Amino acid sequence: MIEPDCVADWPAPTPLRSVSQLPAFPVGVFPGWLAQMVCATAADVQVPQDLPAMLALGVISAAATGSVEVEIRRDWTEPVHLYLAVAMAPGSAKSPVFRRMTAPVKKVAAALREEVQPLIQAGAARKRIFEDIAERAERTAAREATPEAVEQAVSARMAADAVTVPIDPRLLVDDATPEELTSLLKKHGGRLAVLSDEAAIFTQMAGQYGDKANLDVYLKAHDGGELQVNRRERDETITRATMTIGVAVQPAVLEQLGGNAQLRGRGLTARFLYCLPPSLVGWREIETPLVPGDVRARYDEQVAAIARALLPDPGKPPMLLRVDAEGLAVLNDFRRQIEPRLRPDEDLASLGGWIAKLAGHTARIAALLHLMYLPPEQWATVAIGGTTMRGAVQLAWFFIHHALAAFDVMGADDTLRTAQRVLDWAERKGCTRFSHRDAFDALRNGGLRKTTDLDAPLALLVSFGWLSPLPPPPPGPRGGRRPSRQYAVHPSVISGSVAR
């Protein structure tokens, strides 16, 4: 037991979270036009650079979704879109950052839809006419049953099927149910991006839409796989479903995801790259520098140029970017560094399923960096080399640290959460010691029903070194009820000198 007067002998406690200090997003991996926009936006809105940086990655991913693939080696090809999740507390100014970073790609999408709308209407009318001709010919063939009528019906059907309607170039949606996403993917040529500052899509995944059929759209669209579309008239297939997801959620939503065994079991949580930025609330500047006009204009121009250069063409396969020998060597060296840390007694053992996709994600990030740095005419002719892959590997290390924290949050149980609440309460009250009864009375409105509900959390805090049981006070002269157990609080809880 540690007496409060003997704090000098009290060793540093073990953090409750496996990752206490998280690295900041390495904005330096971006080209200057993008890094400047990220830094200027963060300074203006007073958010961590992580948020606009993650959104920038999501915006480029959205523009490239369905239009680009990366060949790491001859038998290994990946689509380049990403699933990204930023976990931030309420009131973190997510919405203005979302509006600012997604503005150019939304503007391109709106202009394209306006340009293509007359062609879509004409194509749809032509399709209806030919479908009507084919249906009448089929009815005639069924009634007359002559070879000539059958041949006419077959020819009419083939002509109707040959009429194509231009794809509606909708690049972004804010939110949609799994069924709506499937329909939108079919309508928009198998490519889509969901960029949202709301948690609805995660809530749907973890809640009423957590069944097998409705998870398929998220699983298949991440891998660029085939997706079945069930319609009343007939079943259809999206041969190559691709989707970018970039969302900002509250940490509590990650806990909800982690509590859904089906999401974990089917590998959905392993498909996301996570970022848990620090909160600046309480440390924000009031008078902030505006984003310089030339910085915003250059960002808008560059994103628009990338989006327009990657417009989908139904008649063409995706552009193929190739990794050269040096780039592959950098990626393989990174994989060699990771592999031993996946052993059962090592620090990354708990991330096995997530790490299994990390090499592919790293190659996807390298492809997106390639698109950011080079002009469109060089994308397919210049290979992804070692410098670009090193930037992607730097981002991969960042995502490893944040994934440890994210899965820690997702795996947190009631005992760990209650233990954290005890420390938060002790810090607020400036407690150097407290009793079991004191803590229960303070926290009982947060879900604790009986005093024994605190036994496990307090035992955890003792074992991690945050609390130390004190000798029980002597009984009163008349005996009476047994005194509530007392605990000394580690001084770092008050000083904040140790991350927890």
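Only a predicted model underlies this, so the values are computations on that prediction, with no experimental measurement involved.
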Any carboxylate oxygen within less than 4.0 angstrom of a Lys/Arg side-chain nitrogen, looking at [X] and [Y]?
{"X": "Arg390", "Y": "Glu326", "answer": "yes"}
{"X": "Arg73", "Y": "Asp75", "answer": "yes"}
{"X": "Asp223", "Y": "Arg271", "answer": "yes"}
{"X": "Asp132", "Y": "Arg136", "answer": "yes"}
{"X": "Arg341", "Y": "Glu346", "answer": "no"}
{"X": "Asp44", "Y": "Arg100", "answer": "yes"}

Exercise for the section: Flag yes if more than 12 heavy atoms outside Tyr373 fall under 6.0 Å of its OH atom; otherwise flag no. Expected result: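 Above 12, so yes.
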
Practice task
Answer yes if the ring centres of Phe25 and Phe30 are under 6.0 angstrom apart, and no otherwise.
Solution key: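 When the ring centroids of Phe25 and Phe30 are compared, they turn out to be within the sub-6.0 Å range.
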
Sidechain-backbone polar pair: [X] side chain, [Y] backbone, donor-acceptor under 3.5 Å:
{"X": "Arg157", "Y": "Ala134", "value": "no"}
{"X": "Tyr299", "Y": "Met101", "value": "yes"}
{"X": "Thr242", "Y": "Gly190", "value": "yes"}
{"X": "His370", "Y": "Trp379", "value": "yes"}
{"X": "Thr244", "Y": "Ser61", "value": "yes"}
{"X": "His402", "Y": "Leu276", "value": "yes"}

Problem - Beyond-backbone contact of Thr65 with Leu192, side-chain heavy atoms, under 4.5 angstrom - result: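 No - every pair of side-chain heavy atoms lies 4.5 Å or more apart.
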
Practice task
State, yes or no, whether a side-chain contact exists between Val86 and Lys94 at a heavy-atom distance under 4.5 Å.
Solution key: no

Handout entry: Parallel, tilted or perpendicular: ring planes of His81 versus His222, cut at 30 and 60 degrees
Key = perpendicular

Practice task
Look at the rings of Tyr83 and Phe272 and say which category their plane angle falls in: under 30° parallel, 30 to 60° tilted, over 60° perpendicular.
Solution key: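 Correct class here is tilted.
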
Completion exercise
Rounding to 0.5 Å, atoms OG1 (Thr269) and CZ (Phe407) come to a distance of 4.5 Å

